[in-house]
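Chain naming here is simple, since letters A, B, ... match the order of the sequence lines and numbering starts at 1 in each.
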Protein chains: 2
Amino acid sequence: MTNIVVKIDSSSLSTPEKIEQIAKRIVEEKKLGRNVIAVVPSMELIDDMFLQQAYLLSDKPSKRELHVLDSINAQIASSLLAIAVQKNGFKAISLTGWQAGIQTVESNNNVLIDNINQKFIFERIKKGEIVIIAGSQGIDKKNDILTLGDGGPETIAVAIGAAIQAQRIEIYTNQDGIYTADPNIVKEARKLKQISYDEMLELANLGSQIIHPRAVELAKRYKMPLIVRSSTENAKGTMIKGEVDMEKNLVVRGVAYEADIIRLTVGYDSYEYSSLATIFSTLAQHNIDVDIIVQAVIDGVKPTVSFSIAKGDFAEAIKVLEKNKAALGFSFADFEVGLAKVSIVGSGMVSNPGVAARMFDRLRKENILVKMVSTSEIKVSVVVPQDEMVKAANALHDEFNLVEELVN
Amino acid sequence: MTNIVVKIDSSSLSTPEKIEQIAKRIVEEKKLGRNVIAVVPSMELIDDMFLQQAYLLSDKPSKRELHVLDSINAQIASSLLAIAVQKNGFKAISLTGWQAGIQTVESNNNVLIDNINQKFIFERIKKGEIVIIAGSQGIDKKNDILTLGDGGPETIAVAIGAAIQAQRIEIYTNQDGIYTADPNIVKEARKLKQISYDEMLELANLGSQIIHPRAVELAKRYKMPLIVRSSTENAKGTMIKGEVDMEKNLVVRGVAYEADIIRLTVGYDSYEYSSLATIFSTLAQHNIDVDIIVQAVIDGVKPTVSFSIAKGDFAEAIKVLEKNKAALGFSFADFEVGLAKVSIVGSGMVSNPGVAARMFDRLRKENILVKMVSTSEIKVSVVVPQDEMVKAANALHDEFNLVEELVN
């Protein structure tokens, strides 16, 4: 029998009515004769009330107990969803991370999936039960509960899919698929039929909130096809897989954007004082995420380095720079707020060297000032004034003919 | 090192401030150099909100999922208490039932403790950690979570105490010990220094809410001494153990009462129709708890049987009797409401045949009508009008000199 893994979105768990709806959706899959394994995230109904109680008791609760409290929300969600499925006359059971055989391991403050003992899930599906797994948790070698943090449920869905050799993994979301751009700002945005893992990784990192990059990375490693689709409508979604069918070999596959970017610049009196390694390792130690980095030289000898950070990290970044000014050796620092990042993504770029130039040309024609540039094999990002973000995204969407992308 | 097991009362978990207080209490025990294992019940802070959500989704959620949802409250409580203990600078960890090695088994709709794998708890206390266990849950052979229901936390505390050979088990409660009668209705009630398992069993079954009989039974089987004491004051409590020291060999050790009793009577036209077995097995099938049973004969040949039930079972009992009238063969049924049960308990009764007579005599002197009587080796219970309950309890407390019981 076919096994399919379905990752539920948290908005489908926000009210009892929505839980009933998503239960019916799961039942539809079961009626088609498939073994269904659903992975649920934390539910908005409960949110982080237990963590709040923890912080009432201590401003420094142990990490171990925070993992315990954090794991509970999805455990409740899985049980409630199991009950809603049963209501439809089907057998369903909830499983916690350890009951589902999910082994996790902590490494550098990140919790990773170490192994999935597929025996536990197979035992349950053999009995015809719809299995509903509390996503985002597992246990370590000491039997301690660890939660995976951001992207945990998708990542567990992929790991389980790989472990039980699922035919496919469906990622339910409040959108009906992956679009060439955000339909909220680019009116002409079209749904993509397919997208490659690498393209999706670039899009995910660029602010598309649908699926966490770690899940896409894992799917890529195990060659597990992912389908991103609506949790409420029964429409075909977008398939994420290794090689995209080349019916229409578009160079650029999508446009992404990210608002609230801040550019910081530090300048040195001479090269001997400047050390990229020192400044960025200092920022990293304080968990400040640096995105684009640009190095320049003023007056022939005075080097500067500019980098972009998210608005939320700004205050901390300024504090770190001030505190470590002497050690970092820079002579001045300034910043620019009100910026945004706009990116084009597409596997076809690798063999199309003119793509970046075409992008800059179009932006120049639109009178949009490019403040910073960053490129990868399959992506070009520019930092522009935030006021111009929407205009830039629409112009690039038009420039690369994404309007014509064939939809299924 | 000495191991002690402490069962926390749910009123100690009702606010963050109370959790802090009880955490300090646990820390005091640890400071004395003991390994402390705390067992927590569900907390009032959360109550049964998850179960309520389950019933929003289905009027018949599966038992399995109800166990899952029911188990979560104490899991949260254990984690929050661990955090509060850490705040005092001590290492503490929460354990769920399965993490604590608690194996449970379901039998006739009751969940029982099958086995405790003490290795799991020993591993943790070896590291100097204060272990806080989510009481009332374990797992069965299929790795499914089962909750123990009423008295679960005390019973788990006793089972763990036996498994790790604890020096003693302390039952924290909102009273400071076991009294000769309920101090709320008998002003002269005194705290007992000691009480035997058997006496406590009779008192527990008779409506004393401090400790569940199943925990006392288990303690008796494993000869584990229990100390019932206040969760807020550091006063000596009452020791429950096998043999009570005979400093003052009182025949009666305590007076208990239970309000809201209803007497049901069914009458048969002749003996050939009457079957005690049939009527009480029918009631038992519908989970109606029958307490005192009295058989009498009217007019020489027409047998009647009266029995007492709790008010909460009344409607269901009437329904069952009506529905099965033909099968049960009785010709009439009546009932009497507004009754209460008052009992005297004491191991000394076994060798004092006149105790019941002395009890009836005193009640007659007080003009209290006795409606039903039931006796055991160490207990005599009478059913009286509820209006007379307090008077009866006080009179019996006086009659058997419980006022003079020595207190520590």
Side-chain angles (χ1 to χ4, degrees), chain A residues 15-17 19-20 23 43 45-46 49-73 75-88 91-96 98-101 120 123-124 127 129 132 134 139 142-145, chain B residues 15-17 19-20 23 43 45-46 49-73 75-88 91-96 98-101 120 123-124 127 129 132 134 139 142-145:
Chain A
T15 66
E17 294 71 33
I19 295 175
E20 280 166 16
M43 63 200 296
L45 211 54
I46 294 163
M49 58 177 282
F50 312 131
L51 293 176
Q52 283 168 22
Q53 287 174 5
Y55 282 103
L56 283 180
L57 292 166
S58 168
D59 43 7
K60 274 222 163 129
S62 72
K63 252 174 21 179
R64 183 186 185 280
E65 297 308 325
L66 291 177
H67 280 295
V68 170
L69 291 171
D70 198 27
S71 73
I72 286 171
N73 189 323
Q75 192 184 345
I76 296 165
S78 64
S79 187
L80 292 178
L81 183 53
I83 288 166
V85 169
Q86 290 162 7
K87 186 80 191 294
N88 290 276
K91 286 189 281 185
I93 54 154
S94 68
L95 295 182
T96 59
W98 72 268
Q99 286 176 320
F120 292 102
E123 273 171 11
R124 308 282 180 163
K127 297 183 195 157
E129 292 168 335
I132 306 191
I139 49 162
K142 288 178 298 177
N143 273 354
D144 283 345
I145 295 166
Chain B
T15 64
E17 294 71 35
I19 295 175
E20 281 166 16
M43 63 201 295
L45 211 54
I46 293 163
M49 58 176 281
F50 312 131
L51 293 176
Q52 284 168 21
Q53 286 174 6
Y55 282 103
L56 283 180
L57 291 166
S58 168
D59 45 6
K60 273 224 162 123
S62 72
K63 251 178 15 184
R64 183 188 185 278
E65 297 307 326
L66 291 178
H67 280 294
V68 170
L69 291 171
D70 199 26
S71 73
I72 286 171
N73 188 323
Q75 192 184 346
I76 296 165
S78 64
S79 188
L80 292 179
L81 183 54
I83 288 167
V85 170
Q86 291 162 8
K87 185 81 191 293
N88 291 275
K91 286 190 281 186
I93 55 156
S94 68
L95 295 182
T96 60
W98 71 268
Q99 286 176 320
F120 291 102
E123 273 172 11
R124 309 281 181 163
K127 296 184 195 158
E129 292 168 334
I132 305 192
I139 52 163
K142 289 179 298 179
N143 274 354
D144 283 346
I145 295 166

Please look at [X] and chain B and tell me whether the side chain, the backbone, both or neither of the residue comes under 4.5 angstrom of a heavy atom of that chain.
X: A/I139; result: side chain
X: A/E65; result: both
X: A/K142; result: both

What distance do [X] atom [atom1] and [Y] atom [atom2] have between them, rounded to the nearest 0.5 Å?
X: B/T96; Y: A/Q75; atom1: OG1; atom2: CD; value: 8.5 Å
X: A/L69; Y: B/S79; atom1: CG; atom2: OG; value: 3.5 Å
X: A/L57; Y: B/L81; atom1: CG; atom2: CG; value: 9.0 Å
X: A/D144; Y: B/R124; atom1: CG; atom2: CZ; value: 4.5 Å

Exercise for review: Test side chain to side chain contact (heavy atoms under 4.5 Å, CB included) on A/R64 and B/Q86 and set out the steps.
Suggested key: CA-CA 11 Å; A/R64 183 186 185 280; B/Q86 291 162 8; 6.0 Å; no
Can you tell me which of [options] forms the most heavy-atom pairs within a distance under 4.5 Å of chain A?
options: B/L66, B/L56, B/I145; value: B/I145
options: B/D59, B/I76, B/V68; value: B/I76
options: B/S78, B/A54, B/A92, B/A84; value: B/A54

Check your understanding: What are the two closest non-hydrogen atoms of B/F50 and A/L80, and how far apart are they?
Key ->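 Scanning both residues completely, I find the closest heavy atoms to be O-CD2, 4.0 Å.
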**Study point:** Under 4.5 Å from any heavy atom of chain A - which part of B/Q99
**Key:**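 The side chain, not the backbone.
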**Study point:** Flag if over 12 foreign heavy atoms under 6.0 Å of NZ, B/K60
**Key:**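 No.
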